[in-house]
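So the structure is just underneath, and the comments pick up after that.
Computed over heavy atoms, backbone and side chain alike; hydrogens, waters and symmetry mates excluded. Residue numbers start from 1 in every chain, and the chains themselves are labelled A, B, ... in the order their sequence lines are given, proteins ahead of strands.
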Amino acid sequence: MSIISVKNLRKSFGNIEVLKEINAEVQEKEVICVIGPSGSGKSTFLRCLNRLEEISGGEVVINGHNITDPKININKVRQEVGMVFQQFNLFPHKTVLENITLGPIKIFTIDKAEAEKTALELLVKVGLKEKANSYPGELSGGQKQRVAIARALAMNPKIMLFDEPTSALDPEMVGDVLEVMKQLAKEGMTMVVVTHEMGFAREVGDRVIFLDGGYIVEENEPNQLFGNPQNERTKAFLSKVL
Amino acid sequence: MLSIRKGMKKVDTIIAALPILLKGLQVTLYIFVIAIILGFVIGLLVAMLRLAPIKILNWIAKMYVDAIRGTPFIVQLFFIYFGINSLHIVSLNNTTAGIITVAINAGAYFAEIIRAGIQSIDKGQTEAARSIGFTGAQTMRYVVLPQAFRRMLPTITNQSIISLKDTSLLSVIGIADLTQQGQIQASATFEAFKVWLAVGIIYFIIIYLLTLLANFVEKRIELR
């Protein structure tokens with residue numbers, strides 16, 4: 001059974017239909033990269049997967065939970081789905097360590113010492129152990145994003161969603177963040193990544209989804225999609241970005 | 001020689017009046033502290049109603065804020081003390097009526113300050129907290145309000161000072177606050193100039209101390 005199952009997903013903002021009948025399945029441990037021109041609905045699609053956007057129609061099932069069911073406790077489901085944002089969204093009033101431990105302490109009510117131990121392990125993993133007591137304002141963009149990844153991982157999620165995680169970074173910072181994501185993929189994390197990093201999509205993605213105009217236009221293994229795109233729109237898009 | 005002695009005598013009357021004025025100050029501070037805490041709680045609740053995704057709650061909160069902002073403090077005071085008491089449903093003594101008036105008055109202004117503070121926090125903060133699995137209430141408590149509070153602090157201080165000064169109007173319903181005691185002393189000693197100067201200085205010192213405290217808290221917060 002797939003860990004993410006999307007059937008006929010539709011999303012409108014007022015009269016504007018941003019997503020039209022999206023169907024997608026993600027298997028456990030798969031890394032899916034979502035590419036497409038800006039305004040194509042990539043981010044909206046991703047944000048529907050943890051219902052940060054209210055879903056207008058269709059069905060989204062995450063790890064067995066139908067999140068389109070109005071009776072579902074969405075907070076519980078979100079604990080299983082980590083999210084990393086383009087703008088990092090670290091909590092500026094808390095230290096790096098507090099950013100990471102806030103969720104586990106307040107939601108799982110595990111004790112502080114244990115939460116901090118896990119947080120430090122995660123900081124080692126993202127290469128920022130020495131920044132534990134810094135405030136987000138003291139970090140570079142790349143460091144912030146790696147802390148944001150650690151914060152999401154602290155909840156021990158089954159799935160990680162990445163919303164253009166490197167788009168707001170200076171070019172020299174991109175590598176470190178992608179490296180952490182590659183490591184995560186290697187460890188078997190299920191990941192859905194909205195990205196403009198075609199190199200990453202090609203190298204790490206198990207499948208690439210090309211979204212345009214609110215539809216999934218093409219979906220294939222990276223080598224096929226990048227090397228031999230079938231749809232004209234895919235070709236046109238790839239010729240511009242590659 | 002005579003005029004110096006006369007001057008001394010005038011200072012003496014102020015010194016003699018001082019313990020009574022300070023007693024008035026105690027009443028002023030007692031009412032202020034309780035009312036401002038109540039007012040803050042009211043403000044917080046009303047701000048939440050104002051931001052709740054339920055139209056009728058927004059509407060009620062807005063009505064309350066508009067009603068308080070659109071009427072003079074003294075009218076609110078008379079409404080609560082004389083108006084409500086005249087219905088003979090409850091019987092409010094003047095201190096209670098005074099505290100309630102200052103609290104609901106400050107509450108309306110606090111509500112607007114808090115609402116604006118909350119709305120000034122980037123939407124991404126809420127999204128990040130919700131994506132971790134926090135409920136709306138937890139997100140407010142751990143993520144949005146602590147940040148909003150920092151931004152609100154100068155305006156909250158300002159409103160608190162205004163409320164402290166508003167308590168002087170409570171003397172008209174017979175509360176023995178600093179202003180009321182000043183009035184009594186001024187008429188008893190025939191030294192209106194000195195007594196009112198002394199009362200003014202006492203208010204000024206208290207408000208100055210309040211400002212220092214607020215600055216200290218602000219600095220502490222900025223350091224982090």
Side-chain angles (χ1 to χ4, degrees), chain A residues 43 46-47 49-54 73-95 98-109 133-138 144-145 147-163 168, chain B residues 40 43-44 47-48 51-58 113-157 213-224:
Chain A
S43 287
L46 195 74
R47 291 159 59 87
L49 298 182
N50 65 352
R51 240 177 68 189
L52 274 188
E53 297 295 352
E54 281 306 323
N73 181 351
I74 190 68
N75 300 316
K76 275 257 185 286
V77 183
R78 283 177 181 151
Q79 292 164 22
E80 299 174 19
V81 185
M83 189 166 201
V84 174
F85 299 84
Q86 185 178 352
Q87 297 298 335
F88 331 123
N89 297 341
L90 292 180
F91 307 136
H93 60 303
K94 299 208 172 280
T95 64
E98 288 166 346
N99 262 278
I100 301 172
T101 56
L102 188 68
I105 290 174
K106 301 297 180 191
I107 295 172
F108 295 145
T109 60
N133 295 312
S134 303
Y135 281 90
E138 301 161 346
K144 281 183 193 163
Q145 197 57 301
V147 172
I149 293 173
R151 177 176 69 179
L153 291 175
M155 296 299 285
N156 208 5
K158 297 251 169 37
I159 300 164
M160 285 283 284
L161 308 176
F162 292 85
D163 190 2
Chain B
F40 192 78
L44 201 55
M48 293 301 153
L51 295 169
I54 302 163
K55 276 260 151 50
I56 182 87
L57 295 182
N58 308 156
I113 294 168
I114 295 168
R115 179 187 61 81
I118 288 171
Q119 286 181 329
S120 79
I121 302 301
D122 182 50
K123 205 168 99 266
Q125 292 289 309
T126 304
E127 289 181 351
R130 295 308 300 268
S131 79
I132 290 172
F134 284 117
T135 63
Q138 286 172 322
T139 301
M140 264 299 155
R141 177 159 167 216
Y142 300 122
V143 176
V144 177
L145 281 180
Q147 293 181 59
F149 184 69
R150 279 157 209 238
R151 292 194 192 170
M152 294 183 290
L153 202 60
T155 348
I156 285 176
T157 309
L213 176 73
N215 287 347
F216 174 74
V217 175
E218 248 172 85
K219 281 255 164 57
R220 285 285 310 256
I221 286 171
E222 264 170 32
L223 282 179
R224 298 183 46 190

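To the nearest 0.5 Å, atom CD of residue B/Gln138 and atom CD1 of residue A/Ile107 are 5.5 Å apart. Here CD of A/Gln87 is found 11.5 Å from NZ of B/Lys123. Values are rounded to the nearest 0.5 Å. Taken from CD in B/Glu127 to CZ in A/Arg47, the straight-line distance is 4.0 Å, to the nearest 0.5 Å.
Between A/Leu90 and B/Gln125, the shortest heavy-atom distance links the atoms O-NE2, 2.8 Å. Nearest heavy-atom pair, A/Arg151 versus B/Ala128, reported as atom, atom and distance to 0.1 Å: NH2-CB, 3.4 Å.
Annotation: side chain of B/Pro146 is not in contact with side chain of A/Phe91 (no heavy-atom distance under 4.5 Å). Looking at A/Leu102 and B/Ile132, their side chains never come closer than 4.5 Å, going by heavy atoms from C-beta outward.
When atom types are taken as modelled, the side chain of A/Asn50 and the backbone of B/Ser131 share no donor-acceptor pair closer than 3.5 angstrom.
When each of A/Glu80, A/Gln79, A/Met155, A/Lys106 is checked for heavy-atom pairs under 4.5 Å with chain B, A/Lys106 comes out on top.
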